[in-house]
Chemist: 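Dropping a structure here in structure tokens format, bear with me for questions.
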Number of protein chains: 2
Amino acid sequence: MSDAIIKPTAKELSLLHNYLCQALSETKRIQILYALYDQPQHVTALAKTLGFPQPTVSRHLRVLRQRSLVTTRRDGPAVIYSVGDERVIAVLEMMRSILHDHLAKQSDLLQSDFAADM
Amino acid sequence: MSDAIIKPTAKELSLLHNYLCQALSETKRIQILYALYDQPQHVTALAKTLGFPQPTVSRHLRVLRQRSLVTTRRDGPAVIYSVGDERVIAVLEMMRSILHDHLAKQSDLLQSDFAADM
DNA sequence: TCCATGTATTCGGATAAGCGAATATATCCT
DNA sequence: AGGATATATTCGCTTATCCGAATACATGGA
């Protein structure tokens, strides 16, 4: 498993960072991705759903759009956004499970510390 | 598949962001993770491998350590760092494959644009 | 204990990224 | 064309984060 991975070059990592890591490095954008995964919708609806101002949502969507992480289709004057690549959600879900295990482990530590004090 | 995902709360996303996304939102830290995955090593060796100043590496390692993304063990005055959770590498590898498909698709587009011009 | 090696932290300055408010642009309908 | 709705962009400001240089801290051996 370990040796199946071809170590990426610095250049590739820079691309990876600019393309994906950067895009996911903002809570609001992650919220937007999950909201769109739950339900494709247009900008104003998204803004209302999340409680953010419309320009804020629009700016974040631009970042996601430039990286093809969301796709668009017009519906009259509105623009419906959807998740462009579901694997991005899979990535986020994997991160979530790592986070959950981490929190569980921390909670275990707290418990054993507590036990040790008794 | 789609309905198997429990939509995370804003609070959880904030945690996720602070814990993982934030940590991966920096090219040098990703380089460090891959270098440690390739070979656990101490700080100075890492700095030499990557060509970064030692304090820079140390600062980034602190960020990773605080999130348990790397683990440490002492070897005399040196501190050997290793990857703390290999799933983080899996996450990065998944991102890489998304990036590669994206680049391939872009390259296809360029090709068809080119063909259309002929 | 003192020195050598290795690691972590602090400081000031520079850069990048987000935000709110205002405004520009686009689409459709009459 | 002109107005209504919806979306995108720009501007100035604030905040967060990174970096290099200097320095403090930790460990083991003479």
Side-chain angles (χ1 to χ4, degrees), chain A residues 10 13-33 35-36 39-84, chain B residues 10 13-33 35-36 39-84:
Chain A
L13 286 184
S14 175
L15 256 180
L16 182 66
H17 170 256
N18 287 315
Y19 173 64
L20 262 180
C21 302
Q22 185 77 293
L24 299 181
S25 74
E26 167 63 45
T27 309
K28 289 193 174 76
R29 281 197 286 270
I30 301 178
Q31 284 185 260
I32 288 174
L33 282 172
L36 292 179
Q39 174 69 51
Q41 53 195 300
H42 61 94
V43 181
T44 304
L46 203 48
K48 195 171 178 184
T49 301
L50 298 174
F52 303 152
Q54 176 268 323
T56 295
V57 173
S58 201
R59 257 185 280 117
H60 284 305
L61 283 172
R62 176 175 50 182
V63 174
L64 297 172
R65 194 181 348 114
Q66 286 168 338
R67 292 161 172 80
S68 306
L69 304 188
V70 295
T71 58
T72 60
R73 91 180 153 75
R74 270 219 168 259
D75 177 23
V79 176
I80 313 289
Y81 280 82
S82 336
V83 170
Chain B
L13 286 184
S14 176
L15 256 180
L16 182 65
H17 170 256
N18 287 315
Y19 173 63
L20 261 180
C21 302
Q22 186 78 293
L24 299 181
S25 74
E26 167 63 44
T27 308
K28 289 194 174 77
R29 280 196 288 269
I30 301 178
Q31 283 185 259
I32 288 174
L33 283 172
L36 292 179
Q39 175 67 51
Q41 52 195 300
H42 62 94
V43 181
T44 303
L46 202 49
K48 194 171 178 184
T49 301
L50 298 174
F52 304 151
Q54 176 268 323
T56 295
V57 173
S58 201
R59 257 185 279 117
H60 285 305
L61 283 172
R62 177 174 50 180
V63 174
L64 297 172
R65 195 184 343 118
Q66 286 167 338
R67 292 160 172 80
S68 304
L69 303 188
V70 295
T71 58
T72 60
R73 91 181 154 74
R74 269 218 170 260
D75 177 23
V79 177
I80 313 289
Y81 280 83
S82 336
V83 170

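Within every chain, numbering begins at 1; the chains are lettered A, B, ... in the order of the sequence lines, protein sequences first and strands thereafter.
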Chemist: What's A:Thr56 touching, base or sugar-phosphate or nothing? Going by heavy atoms closer than 4.0 Å.
Modeler: sugar-phosphate
Chemist: Mind checking A:Thr44 for me? I need base, sugar-phosphate or nothing, with any heavy atom below 4.0 Å counting as a touch.
Modeler: sugar-phosphate
Chemist: Measure the distance from CG on A:Leu46 to C1' on D:dT7 and round it to the nearest whole Å.
Modeler: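 It works out to 12 Å between those atoms.
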Chemist: Rounded to the nearest Å, what distance is computed from the NE2 atom of residue A:His42 to the C1' atom of nucleotide D:dA8?
Modeler: 16 Å
Chemist: Rounded to the nearest Å, what distance is computed from the CD atom of residue A:Glu26 to the P atom of nucleotide C:dG18?
Modeler: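 Rounded to the whole Å, the gap is 5 Å.
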Chemist: Nearest-nucleotide wise, let me know which of B:Val79 and A:Lys28 is further upstream toward the 5' end of DNA chain C.
Modeler: B:Val79
Chemist: Could you measure the distance from the SG atom of B:Cys21 to the CG atom of B:Leu15? Nearest 0.5 Å is fine.
Modeler: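 Interatomic distance, B:Cys21 SG to B:Leu15 CG, rounded to 0.5 Å: 11.0 Å.
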Chemist: Is any side-chain N or O of A:Gln54 under 3.5 Å from a base N or O of D:dA8, one able to act as donor and the other as acceptor?
Modeler: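 Checked by distance alone, the answer is yes.
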Chemist: Could you check how far CG of B:Leu24 sits from P of D:dT17, rounded to whole Å?
Modeler: 14 Å
Chemist: Assign B:Tyr81 to base, sugar-phosphate, or nothing according to its heavy-atom contacts below 4.0 angstrom with the strands shown.
Modeler: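 Touches sugar-phosphate only.
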Chemist: In whole angstroms, how far is the C1' atom of D:dG29 from the CG atom of B:Asp75?
Modeler: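 Between C1' of D:dG29 and CG of B:Asp75: 15 Å.
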Chemist: Calculate the interatomic distance between A:Gln22 atom CD and D:dA16 atom P; express it in whole Å.
Modeler: 17 Å
Chemist: Is there, by distance only and without an angle test, a donor paired with an acceptor across the side chain of A:Arg59 and the base of C:dG20 below 3.5 Å?
Modeler: yes
Chemist: Let me know the distance between CZ of A:Phe52 and P of D:dT7, rounded to the nearest Å.
Modeler: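 That distance rounds to 16 Å.
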Chemist: Taking only side-chain nitrogens and oxygens of B:His60, does any of them come within less than 4.0 Å of OP1 or OP2 of D:dT17?
Modeler: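 So the side chain of B:His60 is outside the cut-off, no N or O lying under 4.0 Å from OP1 or OP2 of D:dT17.
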Chemist: Quick check: do A:Thr72 and A:Leu61 have side-chain heavy atoms less than 4.5 Å from each other?
Modeler: no
Chemist: Could you pull out the closest heavy-atom pair between B:Val83 and B:Leu33, with the gap in Å?
Modeler: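 Looking at all heavy atoms of both residues, the closest pair is CG2-O, 3.5 Å.
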Chemist: For the side chain of A:Pro77, counting heavy atoms from C-beta on, which of C:dA8, C:dT27, C:dG20 is nearest?
Modeler: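 My answer, after comparing the listed nucleotides, is C:dT27.
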Chemist: Would you say B:His42's side chain and B:Tyr81's backbone share a donor-acceptor pair under 3.5 angstrom?
Modeler: no
Chemist: Are A:Arg74 and C:dA26 close enough that a side-chain N or O sits under 4.0 Å from OP1 or OP2?
Modeler: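 For C:dA26, OP1/OP2 do not have a side-chain N/O of A:Arg74 under 4.0 Å.
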Chemist: Taking the minimum atom-to-atom distance to the side chain of A:Ser58, which one of D:dA8, C:dT7, C:dG18 wins?
Modeler: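 Comparing D:dA8, C:dT7, C:dG18 against the side chain of A:Ser58, the answer is D:dA8.
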Chemist: Minimum heavy-atom separation for A:Tyr19 and A:Arg67, please, with both atom names.
Modeler: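 Closest approach of A:Tyr19 to A:Arg67: O-CD, 2.7 Å.
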Chemist: CG of B:Leu61 versus P of D:dC18: gap in Å, rounded?
Modeler: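 To the nearest whole Å, that distance equals 13 Å.
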